[in-house]
Structures are given as C-alpha cells and as structure tokens.
Amino acid sequence: MAKYKGNYLLAVEGDPPLNEDGTYCIVGGRPFVDKLKHVARYAKAVIAWGTCASWGCVQAAKPTPTMAVSIDKVISDVPIIKVPGCPPIAEVMTGVISYILTFDRLPSLDRQRRPKMFYSQRIHDKCYRRAHFDAGQFVEKWDDDGARRGYCLYKMGCKGPTTYNACAATGWNGGVSFPIRSGHGCIGCSEVDFWDKGPFYARQENIPRLDAESNADTVGIAAVSGVATAIGLHAAASVVRRIQQRREQGALPSKSDETADSG
Ligand code: SF4
C-alpha cells in the first residue's frame with residue numbers, strides 16, 4: 001500500500017457485515033469492514049468480485065441478521081467496478097483486469113458500475129434458445145418433449161430476460177457450457193437482490209424492455225399474428241403486382257380509363 005499508493009487495484013470478495021460492530025466477520029483480528037476501508041483508501045480502484053461484494057447476495061437477503069452490505073455502502077471516494085455473478089465468470093474477471101493493465105484506464109461502466117463490455121446485454125439477447133422464445137416454443141415440464149428438443153426455458157422460471165451478464169456469449173468453464181445450455185433456466189444470480197426476488201422456478205410475468213405486457217402466453221400469439229400480418233402483406237402485394245401485369249397486357253382497363261368511366 002505504501003509503495004503503490006494510489007496506484008494499486010483492490011479486488012474484494014464477500015460483503016462486510018455491519019451488525020455488532022462488524023464482528024460477524026473478523027479478518028486478521030479486525031472486523032472485515034474496518035480492514036476493507038483501510039485497504040481501499042489509497043487504491044486506484046476497487047473491484048467487487050461476485051454478487052456478494054457487488055450487491056450483498058445471500059448474506060444481505062431478508063432478514064439479514066448480520067446486516068451485510070455491498071462494498072459500495074462502506075467505501076467512498078474510490079472508483080468501484082462491480083463484477084457480479086454467483087460466482088462471476090472467470091473470463092470476465094480476468095478480462096476486467098487485463099483491460100486495466102493493457103490500456104491503463106478503467107473500463108467504461110454502466111449506471112450500476114458494471115463494465116459495459118460484459119454486462120450491456122441480457123442473457124436473453126444472446127441466448128441460443130431465443131428463436132424458440134420468439135416462436136412461442138417452451139418447455140412446460142422438465143422431462144417433456146420441449147425439454148428434449150431444447151425449447152425455451154422461460155416458463156420454467158428462466159430469468160434470462162432480466163439478467164445482464166456475459167454467460168450466453170462466453171459460456172462457463174472455458175466456454176464448455178452455461179446453465180441454459182445445461183438445461184436449466186438462468187436464476188439471475190448477477191442481478192441485485194436476486195435472493196429476494198422470488199422462487200427460482202417462478203415465471204416472470206412481465207419482461208421489461210420488450211413490452212410491458214409481454215409474457216410467455218402472449219409472445220407466442222404475437223409471433224403468430226406477426227407472421228399472419230406478413231403473409232397478408234405479401235399476398236396483397238402479389239395481387240397488386242398481378243393486376244398491374246394484366247393491365248400492361250391489355251387484359252384489364254387502365255386506371256385512367258376506370259377514372260374516366262366513373263366520371
Ligand atoms: S427465456 Fe431463458 S431460455 Fe428462453 S430465450 Fe430467454 S434466456 Fe434463453
């Protein structure tokens with residue numbers, strides 16, 4: 001700290017409990033919260049590794065007897081970069097540090113202090129099952145035909161439509177897989193207060209930013225009516241084209257003839 005004053009990165013896992021003067025978590029003989037404030041003081045930036053440090057996670061879930069809080073509640077005056085996920089993705093963690101070391105600047109952050117390069121899109125935006133969502137093809141039970149065909153897991157509680165992270169782009173364990181590819185819906189572990197947002201398997205009734213009224217039942221209808229509209233437009237365009245061709249061939253009166261007759 002003395003040698004690199006103002007020029008070191010502090011990477012923090014976990015969240016400091018504040019109740020009982022912070023004694024629920026003692027590090028090196030002192031409350032974690034005191035140690036955290038001390039070490040963060042002259043850091044160039046503090047990186048919150050994972051959902052605990054970023055949002056509080058399970059320790060901060062109601063009724064939170066230890067009064068655990070995210071690190072931004074106790075650190076001020078130092079830039080904080082949040083890398084949420086339970087756990088965070090290894091490639092994202094190393095990607096953030098590599099960026100800082102390579103370009104000697106902090107990555108661009110969103111309003112919640114997450115690096116935009118990894119957290120600007122929802123799992124849903126890059127999910128390989130998205131075509132099934134758009135087509136209204138859903139898994140209804142864990143062992144049904146839709147599950148075997150790899151249909152969308154939205155009805156099984158997938159939180160991909162409201163979760164911002166890079167899982168669907170980078171995968172996990174060196175890109176081998178990620179929860180949805182393994183057949184389980186996203187549980188939204190990188191979002192704030194995800195433990196308090198209801199059961200993992202409860203279907204989200206609304207999908208923000210797509211349409212306030214969108215849900216699994218209406219999106220299929222919307223997709224079908226969209227297709228029907230497209231078919232209707234295509235048919236109408238074909239009829240107009242055919243009438244035009246027949247007029248050019250003299251089989252039908254021209255438009256100016258029709259106007260003169262009606263006059
Ligand atoms: S709801 Fe889940 S499984 Fe379905 S497309 Fe979105 S992210 Fe993928």
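Predicted model, so just to flag it, every value in this text is computed and none were measured. Remember, it's 1-based here, ligands and their atoms both numbered in the order they're listed. We number each residue from 1, following the sequence as shown.
Near atom 6 (Fe) of ligand 1, less than 2.8 Å away, sit the protein N, O or S atoms His124 ND1.
His124 and Tyr164 form no side-chain donor-acceptor contact under 3.5 Å, judged by distance and modelled atom types alone.
Residues passing the side chain to side chain contact (heavy atoms under 4.5 Å, CB included) test with Pro79 are Ala45, Leu106, sequence neighbours excluded.
Without hydrogens or angle criteria, Thr94 side chain to Glu91 main chain gives a donor-acceptor distance under 3.5 Å.
A ring-centre distance under 6.0 Å is not found for His184 and Phe178. In summary, the aromatic rings of Tyr151 and Phe138 are positioned with their centroids too far apart to meet the 6.0 Å limit.
Nearest heavy-atom pair, Pro88 versus Met93, reported as atom, atom and distance to 0.1 Å: CG-SD, 3.6 Å.
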